[in-house]
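First up is the structure itself, then whatever we jot down about it.
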Amino acid sequence: MFPNLMQKAGMNLSKYITSNVMRQNFAESSAFFRNVVSNSVRTESTNSSSPVSDADMPFLHFRPQPLLDKSSYKKFISPRKRANKMMTEITKEAIAKAHNPQVHDVKFRVGDAIEITMVCQGGVNSKETQKIRGVVLGIDRGGLGTGVYLRDVVFGDPVDRKIPLYSPMVKNVKVLEKNFVFKGKRKVKRAKLYYLRDRLPQETRVTKY
């Protein structure tokens with residue numbers, strides 16, 4: 001028992017001694033480096049006409065610097081993981097280009113009744129449009145793939161649709177009624193209202209025919 005304790009104590013003592021020696025050597029080497037750099041800078045400053053201040057010495061960049069001005073700060077873009085960053089930038093540019101204030105600036109929530117005007121045929125520039133109504137069951141946010149789940153009852157049959165909001169076919173979004181599901185009696189506290197698919201069709205009926 002005692003030899004094991006002595007052996008452990010010797011090992012701990014040796015680790016302590018080596019760690020202290022390494023710290024002392026590091027401190028001595030760093031102090032030596034600072035002295036050499038400061039002496040070289042001072043000799044250069046004596047030879048030159050203008051003296052070098054302490055703030056211009058090269059070893060001072062190891063010290064904590066004051067906070068930069070956020071207005072002039074530009075985030076460093078690392079060349080690593082380039083594909084992910086490039087894809088993010090391309091997606092942001094595409095979203096900014098496809099932004100439509102009549103669609104994306106309209107504020108609606110899950111449970112509201114909305115009406116979406118979109119092109120039915122003839123291409124993007126066609127004037128043949130149709131209006132799609134329904135209750136918002138959920139909003140799928142995913143960049144350019146952002147879409148809305150709508151549910152309505154048309155001629156007695158329930159119809160579910162997912163409409164991409166960044167599609168060029170979508171021209172306009174209009175809010176028909178806020179909190180259509182509960183008629184304003186209580187708040188909608190869920191992000192997805194898929195359980196309404198199992199309820200009576202009259203609860204999600206927006207269209208009058």
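Model, not experiment: these values are computed from the prediction.
If you chain together hydrophobic residues whose side chains sit under 4.5 Å apart, Val153 and Val181 never meet in one group. No single ILVMFWY cluster, assembled from side-chain heavy atoms under 4.5 Å apart, contains both Met86 and Leu144. Residues Ile90 and Ile95 fall into different hydrophobic clusters, defined by Ile, Leu, Val, Met, Phe, Trp and Tyr side chains chained together at heavy-atom separations under 4.5 Å. In the hydrophobic clustering of ILVMFWY residues, with side-chain heavy atoms under 4.5 Å counting as a link, Leu200 and Leu150 come out apart. Both Tyr194 and Val148 belong to a common hydrophobic cluster when Ile, Leu, Val, Met, Phe, Trp and Tyr are linked at side-chain heavy-atom distances under 4.5 angstrom.
Ring geometry for Tyr166 versus His104: interplanar angle under 30°, hence parallel rather than tilted (30 to 60°).
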All N/O donor-acceptor pairs, side-chain side in residues 157-164, below 3.5 Å, sequence neighbours left out:
unit_1, atom_1, unit_2, atom_2, d
Asp160, OD1, Arg151, NH1, 2.8
Asp160, OD2, Arg151, NH1, 3.4
Asp160, OD2, Arg197, NE, 2.9
Lys162, NZ, Asp140, OD2, 3.1

Identify every side-chain donor-acceptor pair in residues 105-114 under 3.5 Å, counting partners at least two apart or on other chains, and give the distances.
unit_1, atom_1, unit_2, atom_2, d
Asp105, OD1, His99, NE2, 3.3
Asp112, OD1, Asn179, N, 2.8
Asp112, OD2, Arg109, N, 2.8

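Leu137 has its side chain out of reach of Lys192: every pair of non-hydrogen atoms, C-beta onward, lies at least 4.5 Å apart.
Arg205 forms no cation-pi arrangement with Phe180, by the criterion of a distance under 6.0 Å to the ring centre and an angle within 45° of the ring axis.
Summarising the geometry, atom CD1 belonging to Ile139 is positioned 8.0 Å from atom CG belonging to Leu165; distances are rounded to the nearest 0.5 Å. The CG atom of Leu176 sits 9.5 Å away from atom NZ of Lys131, with the distance rounded to the nearest 0.5 Å. Between atom OG1 of residue Thr88 and atom CD of residue Glu93 there is a gap of 11.0 Å, rounded to the nearest 0.5 Å. Here the CD-NZ distance, from Glu115 to Lys174, works out to 6.0 Å after rounding to the nearest 0.5 Å. One distance of note links OG1 of Thr117 with CE of Met169; it measures 14.5 Å at 0.5 Å rounding. How far CE of Met118 is from NZ of Lys171: 10.0 Å, rounded to the nearest 0.5 Å.
A side-chain contact (heavy atoms from CB on, under 4.5 Å) with Asp152 holds for exactly one of Thr204, Val135, Val206; it is Val206. Partner of Val170 under the side-chain contact (heavy atoms from CB on, under 4.5 Å) criterion, out of Val119, Ile116, Thr129, Ile132: Ile116 alone.
Taking a 6.0 Å sphere around NZ of Lys187, one finds it holds 12 or fewer heavy atoms contributed by other residues, nucleotides or ligands.
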